[in-house]
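I have placed the structure first, in the form of structure tokens, so that the comments after it can refer back to it.
Just so it is clear, the model here is predicted, and its values are computed rather than measured. Letters A, B, ... mirror the listed sequences (proteins, then strands); counts begin at 1.
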Amino acid sequence: MTQTETAAKKTAARKTVAKKAAAAPAPKKAAAPAKKKSGLAFPFTAIVGQEEMKLSLILNIIDPRIGGVLVMGHRGTGKSTTVRALAEVLPFIERVQDDIYNRTPSQFVEGEDARKGAKAIDPATLKTEKIPVPVVDLPLGATEDRVCGTIDIEQALTSGVKAFEPGLLAQANRGFLYIDEVNLLDDHLVDVLLDVAASGKNVVEREGISIRHPARFVLVGSGNPEEGELRPQLLDRFGLHARIITILDVAKRVDIVKRRRDFDEDPDAFMKKYNREQVKLQKKIQTAKDLLPEVTMSDEVLTDIARLCMNLGIDGHRGELTITRTAHAHAAFMGQKVVTMKHVREIAGLCLRHRLRKDPLETLDAGEKIERELAKVLGEAEAV
Amino acid sequence: MKIAFTDIVGMDLAKQALMLLAVDPALGGVVIPSAVGSGKSTLARAFADILPEGTPFVELPLNVTEDRLIGGVDLEATLASGVRVVQHGVLSKADGGVLYVDSLSLLDSSAVSHIMDAMSRGEVLVEREGLSEVHPANFMLVGTYDPTDGEVRMGLLDRIGIIVPFTAQNDFRARKKIVDVVLGKRNLEDTRDELKMLAGFIDAAKEQLPLVSITKEQVQALIQTALSLGVEGNRVDIFTVRAALASAALQQRSDVDEEDMKLAIKLVLIPRATRMPEREEAAEEMGPEEAPPPEEEPQDGEEEQQPDNSTDADAEEEKEETPDMIEELMMEAIETELPDNIMNISLASKKKSTSGSRGEALNNRRGRFVRAQPGEMRSGKVALIPTLISAAPWQETRKKDKKMAGRPKTALIISKDDVKIKRFRDKSGTLFIFMVDASGSMALNRMRQAKGAVASLLQNAYVHRDQVALISFRGKQAQVLLPPSQSVDRAKRELDVLPTGGGTPLASALYLGWETAKQARTKGVSQIMFVLITDGRGNIGLQSSFDPNAEKPSKEDLEKEVEALSLSVQSDGIASVVIDTQMNYLSRGEAPKLAQKLGGRYLYLPNAKAEQIVDAALSF
């Protein structure tokens, strides 16, 4: 047995956050009594308002290549509640049994074959299991060695063996990596995340070990802009940018208070009440995921998207790409096979808000500006 | 003897707040802002008296380190036993009880972040040193602080249900006297009986709490009040309702009444107010031409962005149902025993502190791991491999040592002397952006002194990892003469020949400086300092810097531009100092105004010498 495998088994056996999150999501299990308050997450479908954030998250489940969501906004508006509720509506993925990197059999074989002296493995012989898409919570106090992985301190001390112990990036592979208060994250951790997010690989070369493993994940960050700005490169990494503001509608707010109180009083009963909706949403997302490869977009729509980005003066091509992917996912979510400008309109703000050049003399809100340009592009399209 | 909860005179509102928290710990906590010597910490510590016996009460020291706060590997024990030993942090030790922080506003910002994180999860995630654990950390946070020391981060306050409004205190000597007299006359048995009674009271209230109900109209009224006070977030609604329920429970009632609602408004909503509500009659008298107070503007903006028409209409109807009641409640809550102006007690309205202090180059805690060096295990993070390497040669001799008998044979024997700790280097120093006014007749002198200052700063830049950039402005537009650099030679070369005279494109300089600052931020420089050497009299607009045919802007337009740019600079956390070099008789006060707009410092140095400028730049 290789060192990595030993370490992987050990870590898999240990109770980790990701495991906990992963164990809870199946709606059937969700009704099981929880010991701790935090054992049960508030159901996603019971969250009032904040449609932008919810839609952004769902579209990222449908197509993880959209590039994640940044959720910025007012305090106490349910940002982290919503993200943590996400785990419950996520579809399942297949992975090699107990593989800490959540790899599919073919990825597993590819990874193992690449290592020196490893024997060829037949993918068909590997046992697999279905797990819910992992959601890994990266706390602010996390150290770099826990994020990237490090040598197993226990083994090093007891037997002097330099075994690798995978970190949170390994657990997040093929899943979600969530950072609450992302704008407060230490600079060097931000650098690490940028590297990994760009390459999809985590490379650990230090303290005498040399490991590389896949680390593709959907980055979800949340925070309050008052606490500090986000570094521009990190901002640019996020596919979508959802803005959250305090709900000003009294009836909705009464509803929020009511639901929260009901949940706190009897979480099990509350979960049961929303079970059907949760399952329904989960199915809808899975259906959209299956439909996505069949969704098409006409050249006309693509041209309009390009024109919109050009008129808004957006640098690079990430804007167009993100709109295109997100619009596909949105169409799939609506159960439609053809992307129209209607889909584009719904998601353009999410895709472009953080990519507009910051102009101190601009008085127009970013959303309005996008909306205005969109109307122009649409008008032109109709005129032609 | 410790002063008991029941023996404390005055501070009734704070006492009530703590009692509500004792009844419903889900209120999250109580923050008590109050002047020095008012007895707030005595009261906070006495809170333990009214909690069930054995409830943890953990006092958090201000200088707490990250590993003590959230926990981690107990290295001494781990090294001694060869098995990973976990040390719990202060946050998880407070689980089920109270975390008390004195001088909450002085707490280190990373500690505040961890507390916020723990409070929103109810647990601590330990992801460090190979550990991956979840420790429950459901605690009530009780914090006291003196507002003159600075404010508590809003993010943290948002997770704490109750904020006792800051009220003027009696002379502390008078208070102390009261306590002394009371204590002197009392016997301990009386105190004990009273405490027992109070504890029984709270127990009964806890039992009552699930039986208390609140009507939908009452919840609506509380939310409406939150709206009219411009309180941010929806979490606060839940706290308000909880506070009203706890208040009713304390009175052994099963319905919430007006007094409960008033108390909830007073303790939860008012301290977070961002605007003063107008009485309806008063607003009508004022007429439409009266502009609303400036605090209201951002709030109005938000309302406009909420395009939900159908439900808004519902809200209007509800508003009409209970307006009198809400008005009354709110006004009464505000008026009783609180200062006239709500803005004096509201924390939310105070200036937001821009965080950031000058970073050190090398340290033991954060940044990039640079090297390992011998050190105390407690003084930093242990560099494992270097430690093991230094321990390795001694293994044979140590194993023969009789004291080591009985250890597992496979265990490495590591002594304190082997321990190496990691040294880190913080990436960023400070970027000083000099903006020198090269217009007018005094320009030559200003330029020369600025160059001297730049060169002098760069001499020391290597040590602090500082960088310097230089922007000159004259004629139509500003120009970056020296992009952020650490090179002394390059700076000297670039600055050699410089034309002077012409107009003063101040806005263009600010814009360029801001752009340069933004680019530097992307390269990881977090501290940025503008050093403006000018009389502050801009006369060229930003538009005409780019477009020669642009209309000549009015004086007002020019001011507006500078103001908007200054605001961006300030809100991006860029520090600034304006050095006014103009002779006094010419000054019309533009430079001080500019400093004010930038939220920076102003210095009047008519014959500024290079060294004085360096001192000014470094003294922030």
Side-chain angles (χ1 to χ4, degrees), chain A residues 14 16-17 20 36-38 74-78 80 137-143 145-147 150-154 156-160 165 168 180-181 184 186-188 207-208 224 226-229 231-233 245-254 256-257 260-261 264 358 360-361 365, chain B residues 66 70 79 82-84 113-114 117 120-123 125 127-130 132 134 136 154-155 158 216 219-220 223-224 227 232-238 241 302-303 305-306 308 311-312 314-315 318 352 355 366-368 384-385 388 410-412 427 514 521-522 524 542 561 564-565 568 572:
Chain A
R14 207 188 304 146
T16 61
V17 191
K20 226 186 73 182
K36 259 181 303 178
K37 195 182 104 194
S38 59
H74 289 183
R75 294 177 288 272
T77 43
S80 46
D137 212 329
L138 192 146
L140 288 181
T143 54
D145 51 3
R146 256 315 286 159
V147 173
T150 186
I151 91 160
D152 185 323
I153 191 173
E154 237 171 69
L157 285 173
T158 51
S159 49
E165 184 168 291
L168 296 174
D180 192 13
E181 310 285 355
L184 302 179
D186 257 4
D187 268 356
H188 67 280
E207 294 176 359
N224 182 340
E226 271 181 27
E227 301 268 358
E229 283 294 323
R231 269 178 45 204
Q233 298 119 313
I245 54 174
T246 305
I247 295 173
L248 297 172
D249 178 81
V250 178
K252 275 191 190 165
R253 280 172 76 152
V254 170
I256 293 174
V257 172
R260 186 76 224 181
R261 287 188 66 208
D264 286 345
K358 222 180 167 187
L361 299 178
D365 170 73
Chain B
E66 197 171 83
I70 64 183
L79 291 183
V83 180
R84 200 190 317 246
S113 302
H114 289 310
D117 201 44
S120 75
R121 294 173 201 273
E123 52 194 20
L125 302 193
E127 294 286 357
R128 40 195 298 123
E129 292 141 357
S132 177
V134 185
M154 288 309 292
D158 191 50
K216 198 177 164 200
V219 173
Q220 270 172 6
I223 290 171
Q224 195 68 59
L227 271 174
E232 189 176 293
N234 306 107
R235 191 186 278 136
V236 77
D237 296 342
I238 293 155
V241 170
E302 280 162 18
E303 272 162 41
Q305 285 156 22
Q306 190 84 12
D308 211 330
T311 34
D312 264 1
D314 294 347
E318 277 146 15
K352 280 156 210 147
S355 57
R366 65 192 72 194
R368 288 245 163 246
L384 197 57
I385 298 300
L388 294 179
T410 48
L412 275 172
K427 222 174 163 176
W514 183 71
R521 284 260 160 90
T522 66
L542 197 51
E561 267 184 7
L565 285 160
S568 303
D572 279 354

Compare every heavy atom of [Y] with every heavy atom of [X], then report the nearest pair and how far apart it is.
X	Y	value
B:S120	A:D180	OG-OD2, 4.2 Å
A:R75	B:E232	N-OE2, 3.2 Å
A:V254	B:I223	N-CD1, 3.5 Å
A:P139	B:L125	CG-CB, 3.7 Å
B:H114	A:L140	CE1-C, 3.8 Å

Measure the spacing between [atom1] of [X] and [atom2] of [Y] and express it to the nearest 0.5 Å.
X	Y	atom1	atom2	value
B:S132	A:E165	OG	CD	8.5 Å
A:R253	B:L227	CZ	CG	4.5 Å
B:I238	A:D264	CD1	CG	7.5 Å
B:S113	A:L184	OG	CG	4.5 Å

Tell me whether A:D137 is salt-bridged to B:R121, with the criterion being a basic N under 4.0 Å from an acidic carboxylate O. yes
Among B:D117, B:V219, B:D237, which has the most heavy-atom pairs under 4.5 Å with chain A? B:D237
